[in-house]
Asker: 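Once you've had a glance at the structure underneath, I'll fire off some questions.
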Amino acid sequence: MGIVVNNVTLSIDDSTTQIDHVLICTKGVFVIEIKHYSGWIYGDAKQKQWMQVFFKKRSQFQNPIHQNYKHIKAIQALFDFVSADKIKSLVVFTGDGEFKTSRSKDVVLLDGIKDWMNQHENHVFSLNRIQFCYGRLEYFVCLIVRKLINCICRFYLNDRKYNL
């Protein structure tokens with residue numbers, strides 16, 4: 001049993017961060033970053049930027065492991081009752097990109113998700129813990145949405161106080 005929450009926005013360090021997917025299941029909490037690239041992919045866990053080479057065009061992009069680190073920190077702060085080792089980072093590449101450098105263990109191609117998940121111990125979380133995590137996540141996501149709506153309403157209503 002598990003719950004997937006998509007497109008999660010959370011506050012962290014006076015800003016927000018957007019998480020593609022959060023999977024809460026009996027194996028723990030998985031914070032998932034999705035990347036869709038074609039061509040050749042170059043990069044390792046320590047580099048700030050990775051590179052995509054598509055035909056003769058080179059494009060740099062933020063290291064998705066570093067990007068997901070901020071997401072992990074936001075989830076750890078939210079789930080302060082869960083030990084850090086139960087919250088895992090996963091970067092999934094879709095598309096037909098081909099890695100020309102070795103991949104980190106937590107970076108997989110789409111068809112490698114099942115094998116990656118099977119490496120993790122089952123029954124880490126009870127169904128009750130899964131539901132509690134989900135409830136907390138949904139509550140804080142709703143707070144962010146309310147703050148955003150209030151900001152938009154104040155802007156369009158000439159800074160008059162508007163509360164939901």
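Residues: numbered from 1 along the sequence shown. The model shown is predicted, which means the values in this text are computed figures rather than measured ones. Below, all heavy atoms of this structure are taken into account, side chains as well, without hydrogens, waters or symmetry copies.
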Asker: Return the CZ to OG1 distance between F125 and T26, rounded to the nearest 0.5 Å.
Answerer: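 These two atoms lie 10.0 Å from each other.
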Asker: Examine the side chains of T17 and H71 and answer whether a donor and an acceptor come within less than 3.5 Å of each other.
Answerer: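 Looking only at side-chain atoms, H71 and T17 do form a donor-acceptor pair, the distance falling under 3.5 Å.
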Asker: Can you tell me how far CD of Q131 sits from CD1 of I24, rounded to the nearest 0.5 angstrom?
Answerer: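 Reported to 0.5 Å precision, the distance equals 10.5 Å.
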Asker: Find the distance between SG (C133) and CD (E138) and round it off to the nearest 0.5 Å.
Answerer: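 Result: 12.5 Å between the selected atoms.
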Asker: Apply side-chain contact (heavy atoms from CB on, under 4.5 Å) to residues W50 and T101 and explain how you reach the verdict.
Answerer: CA-CA 10 Å; W50 285 13; T101 51; over 6 Å; no
Asker: V22 and side-chain contact (heavy atoms from CB on, under 4.5 Å): which single residue from L10, N6, I3, I75 fits?
Answerer: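 Filter result, single survivor: I75.
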Asker: Can you confirm whether or not the ring centre of F61 sits under 6.0 Å from the ring centre of Y37?
Answerer: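 Ring-ring flag for F61/Y37: true, centres closer than 6.0 Å.
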Asker: State which residues pass side chain to side chain contact (heavy atoms under 4.5 Å, CB included) with Q18; sequence neighbours excluded, sorted by chain then number.
Answerer: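 Q18 satisfies side chain to side chain contact (heavy atoms under 4.5 Å, CB included) with N7, T9, D20 only.
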Asker: Going by salt bridge (Lys or Arg N to Asp or Glu O under 4.0 Å), name the pairs with one or both residues in residues 60-85, residues two or more places apart or in two chains.
Answerer: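 Sorted result for residues 60-85: D80-R136.
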Asker: Spell out, yes or no, whether V5 and V91 are grouped together once hydrophobic residues are joined by side-chain heavy atoms under 4.5 Å, including indirect joins.
Answerer: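 No: no chain of side-chain contacts under 4.5 Å links V5 to V91.
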Asker: About how many Å separate OG of S38 and CZ of F93, when rounded to the nearest 0.5 Å?
Answerer: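 Spacing of CZ (F93) from OG (S38) equals 11.5 Å.
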Asker: Would Y134 and F132 satisfy ring pair (Phe, Tyr, Trp, His ring centres under 6.0 Å), going step by step from the backbone distance to the final call?
Answerer: CA-CA 5 Å; Y134 173 69; F132 186 79; over 10 Å; no
Asker: How would you list, by chain and number, every residue that makes a side chain to side chain contact (heavy atoms under 4.5 Å, CB included) with Q62, sequence neighbours excluded?
Answerer: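 With neighbours one apart ignored, the set is Q67.
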Asker: Who pairs with N118 by side chain to side chain contact (heavy atoms under 4.5 Å, CB included), at least two apart in sequence or on another chain?
Answerer: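 For N118 the side chain to side chain contact (heavy atoms under 4.5 Å, CB included) partners, ignoring immediate neighbours, are K27, K114.
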Asker: List, by chain and then residue number, the residues other than M117 in its hydrophobic cluster (Ile/Leu/Val/Met/Phe/Trp/Tyr, side-chain heavy atoms under 4.5 Å); write none if there are no others.
Answerer: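 Noted: M117 shares its cluster with V4, L23, F30, I32, I34, L90, V92, V108, L110, I113, W116.
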Asker: Are I12 and V29 connected, step by step, through hydrophobic side chains (Ile, Leu, Val, Met, Phe, Trp, Tyr) whose heavy atoms are closer than 4.5 Å?
Answerer: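 Each belongs to a different hydrophobic cluster.
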Asker: Begin with the C-alpha distance, continue with both residues' side-chain angles, and end with the deciding distance and a verdict on side-chain contact (heavy atoms from CB on, under 4.5 Å) for K88 and H120.
Answerer: CA-CA 10 Å; K88 311 269 190 221; H120 298 280; 3.5 Å; yes
Asker: Applying a strict under-4.5 Å side-chain criterion to I, L, V, M, F, W and Y, I'd like to know whether V107 and W40 cluster together.
Answerer: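 They do not share one cluster, since no chain of ILVMFWY contacts under 4.5 Å joins V107 to W40.
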Asker: Does CD belonging to E121 count more than 12 external heavy atoms closer than 6.0 Å?
Answerer: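 Counting other residues, nucleotides and ligands, CD of E121 stays at 12 neighbours or fewer.
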Asker: Please, which pairs that meet salt bridge (Lys or Arg N to Asp or Glu O under 4.0 Å) have at least one residue in residues 29-56, sequence neighbours excluded?
Answerer: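 Qualifying pairs: E33-K35.
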Asker: Where do F99 and Y42 land on the ring pair (Phe, Tyr, Trp, His ring centres under 6.0 Å) test, with the steps shown first?
Answerer: CA-CA 6 Å; F99 277 83; Y42 295 87; 9.3 Å; no
Asker: Is it the case that S89 and D106 place a side-chain donor and acceptor less than 3.5 Å from each other?
Answerer: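 No donor-acceptor contact under 3.5 Å links the two side chains.
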Asker: What's the separation between atom OG in S59 and atom CD in Q49, rounded to the nearest 0.5 Å?
Answerer: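 Between S59 OG and Q49 CD, I get 11.0 Å after rounding to 0.5 Å.
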Asker: Quick check on the hydrophobic clustering: are F81 and Y139 connected, directly or via other members, by side-chain heavy-atom contacts under 4.5 Å?
Answerer: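 Linked within one cluster.
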Asker: Does I65 share a hydrophobic cluster with I87, counting links as ILVMFWY side-chain heavy atoms below 4.5 Å and allowing steps through other members?
Answerer: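 No, because I65 and I87 fall into different hydrophobic clusters, even though each may have its own neighbours under 4.5 Å.
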Asker: Are R129 and V82 close enough, and set up right, to give a side-chain contact (heavy atoms from CB on, under 4.5 Å), and what steps lead you there?
Answerer: CA-CA 9 Å; R129 177 56 55 106; V82 174; 4.2 Å; yes
